[in-house]
**Student:** 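I'd like to ask you about the structure that follows.
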Amino acid sequence: MTAGAVIAEAGGMDKEYIFDTGSDLGIGHMDCLQRVLDEPTTRFLEAVGVRPGQRCLDLGAGGGSISHWLADRTGPTGQVVAVDIATDQLTDGPGIEVHRHDVTTGLPVDGPFDLIHARLLLVHLPQREQVFEMLVDALAPGGWLVLGEFSGRPLTVVSAPSDEDRALWERMMHLSHDRLGAARGIDLGWAHSVQGRMDAAGLMNVHGMEYSQTTTGGGVGCLLHRNLNQQAEPLLLQFGATPAELARYRELLLDPGFRAWFYQLVFSAGQRPLG
Ligand SMILES: C[S@@+](CC[C@H](N)C(=O)[O-])C[C@H]1O[C@@H](n2cnc3c(N)ncnc32)[C@H](O)[C@@H]1O
C-alpha cells in the first residue's frame with residue numbers, strides 16, 4: 001500500500017472540497033484570493049528565500065499566481081510543480097509542470113522539494129494531518145514548508161447600515177463557519193496549530209506571520225465573501241439560511257456603508273534540518 005492510499009483511507013472521501021475552482025464563480029474566487037493575498041504571501045516567501053535552481057511544489061495552486069511567481073524566481077534552471085484537483089485555471093509556462101491530482105491520495109511526483117507551499121488547502125482537508133506529514137517527508141534537506149491558512153479570528157463588523165444588517169452578517173458567519181464549515185471538515189483552528197506541528201515534526205527555524213485588513217462593501221474582500229456565499233448557496237439553504245437573507249447579505253457586501261474585518265491569514269514556515 002502506498003503512503004497516499006493510507007491518507008485516503010484515514011480521512012475518507014465523504015467530505016469533498018465545497019467550492020468548484022473550475023466554475024465561472026471559481027474564476028472570480030481565485031481572482032479575489034490572489035488580489036487580496038498575493039502581496040503578503042510573496043512578501044513572506046521572499047523572506048523565507050526562493051532562489052534560481054530550486055525545485056518547488058505549489059499545492060492547491062488554484063489560479064496559479066504563486067506558481068508563476070515561484071517559477072520567475074527559480075528559473076531558468078528550477079522547477080515548479082503545480083497541483084490542484086481542478087487545473088482549469090492553471091497555465092503551464094517555463095519551469096511549471098501542472099498536475100490535476102487529489103493530494104489526499106499522495107503526491108503526483110516524487111520529492112524532494114526545496115520549497116513546498118500550500119495556501120488555503122489544508123484548512124479544507126479532513127486529512128490535513130496526514131497530508132502535513134507527507135509534505136514534511138517530501139522536503140529536501142534544508143527545504144522549507146510554507147503554509148498559509150485562514151484562522152478563526154472573529155470577522156467583526158466595523159460599520160453597517162443598520163443593526164439588522166450587523167446581525168445578518170453575524171448569522172451568515174455562524175452558518176458559514178460554525179455550521180457548514182464544521183460539517184464539511186473545515187478547521188479554522190488549524191492555522192494557529194501549524195507552528196507547533198512543525199516543531200513536533202523536527203523542522204527548524206519555525207516562524208510565522210499574521211496578516212489581516214478590513215474590507216468595505218464592493219471591495220475585493222467583500223466580493224470574495226459574496227462569491228463564496230453564492231457558491232455555497234445550496235448548502236447554506238440546507239443549514240437554514242432563507243433566500244431573503246441571502247439576497248440582503250449579498251446587497252450588503254456591495255454597500256460602501258458596510259465594513260468588517262476580513263479573514264486573518266496565518267503564515268507558518270519551517271525548514272528540514274540539513275543533516
Ligand atoms: C481556497 S482555494 C486556494 C487556491 C490558492 N492556493 C490560493 O490561495 O489562491 C483551494 C484550492 O485547493 C484545491 N483543492 C481542494 N482540495 C484538493 C485536493 N484534495 N487536492 C488538490 N487540490 C485541492 C481547490 O481546487 C482550490 O483550487
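Read the numbers this way: they start at 1 and go in the same order the structure lists the ligands and their atoms.
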**Student:** Atom 8 (O) of ligand 1: which of Q127, H124, R119 has the nearest heavy atom?
**Tutor:** R119
**Student:** Hey, could you give me each pair passing side-chain hydrogen bond (donor to acceptor under 3.5 Å, both in side chains) that has a residue in residues 44-54? Not counting sequence neighbours.
**Tutor:** none
**Student:** Which atoms of ligand 1 have any heavy atom of D102 under 4.0 Å away?
**Tutor:** 18 (C), 19 (N), 20 (N)
**Student:** Hey, what's the ring geometry for F44 with F267, parallel, tilted or perpendicular (30° and 60° as the breaks)?
**Tutor:** parallel
**Student:** Hey, which atoms in ligand 1 end up nearer than 4.0 Å to a heavy atom of G62?
**Tutor:** 4 (C), 27 (O)
**Student:** Side chain, backbone, both or neither: which part of L33 comes within less than 4.0 Å of ligand 1 when only heavy atoms are counted?
**Tutor:** side chain
**Student:** Tell me yes or no: between the side chains of N227 and Q231, is some donor less than 3.5 Å from an acceptor?
**Tutor:** yes
**Student:** Taking atom 26 (C) of ligand 1 as the point of reference, which of T21, D38, D31, L59 owns the nearest heavy atom?
**Tutor:** T21
**Student:** Q89 near ligand 1, heavy-atom distance under 4.0 Å?
**Tutor:** no
**Student:** Would Y17 count as a polar contact of ligand 1, with the cut-off being nitrogen or oxygen pairs under 3.5 Å?
**Tutor:** no
**Student:** Classify the contact between M30 and ligand 1 as side chain, backbone, both or neither, using a heavy-atom distance cut-off of under 4.0 Å.
**Tutor:** side chain
**Student:** Against ligand 1, does V83 come closer than 4.0 Å with any heavy atom?
**Tutor:** no
**Student:** Nearest heavy atom to atom 6 (N) of ligand 1: which of P126, G60, A86, G26 does it belong to?
**Tutor:** G60
**Student:** Would you verify whether the NZ or CZ of R153 falls within 45 degrees of the ring axis of W261 while also being under 6.0 Å from that six-membered ring's centre?
**Tutor:** yes
**Student:** Looking only at heavy atoms, is any part of L121 under 4.0 Å from ligand 1, and if so is it the side chain, the backbone, or both, or is it neither?
**Tutor:** side chain
**Student:** Taking the six-membered ring for Trp and the full ring for Phe, Tyr or His, determine whether the centres of H174 and F239 are under 6.0 Å apart.
**Tutor:** no
**Student:** Between the side chain of T105 and the main-chain N/O of D102, is any donor-acceptor distance below 3.5 Å?
**Tutor:** yes
**Student:** With atoms numbered from 1 as shown, which atoms in ligand 1 lie under 4.0 angstrom from a non-hydrogen atom of H101?
**Tutor:** 20 (N), 21 (C)
**Student:** For residues 111-121, which side-chain donor-acceptor pairs fall under 3.5 Å, sequence neighbours excluded?
**Tutor:**
| from | atom 1 | to | atom 2 | distance (Å) |
| --- | --- | --- | --- | --- |
| D114 | OD2 | R55 | N | 2.8 |
| H117 | ND1 | D58 | OD1 | 2.8 |
| R119 | NH1 | L37 | O | 3.3 |
| R119 | NH1 | D38 | OD1 | 2.8 |
| R119 | NH1 | T41 | OG1 | 2.9 |
| R119 | NH2 | D38 | OD1 | 3.0 |

**Student:** At under 4.0 Å between heavy atoms, is it the side chain or the backbone of D58 that contacts ligand 1, or both, or neither?
**Tutor:** neither
**Student:** Verify the distance criterion only: is there a donor paired with an acceptor across the side chains of D84 and T87 at less than 3.5 Å?
**Tutor:** no
**Student:** Between S193 and R197, do the side chains contain a donor N or O and an acceptor N or O under 3.5 Å apart?
**Tutor:** yes
**Student:** Against heavy atoms of L125, which atoms of ligand 1 measure under 4.0 Å?
**Tutor:** 16 (N), 19 (N)
**Student:** Indicate yes or no: at least one non-hydrogen side-chain atom of Y263 is less than 4.5 angstrom from one of H225.
**Tutor:** yes
**Student:** Is there at least one pair of N or O atoms, one from A61 and one from ligand 1, spaced under 3.5 Å apart?
**Tutor:** no
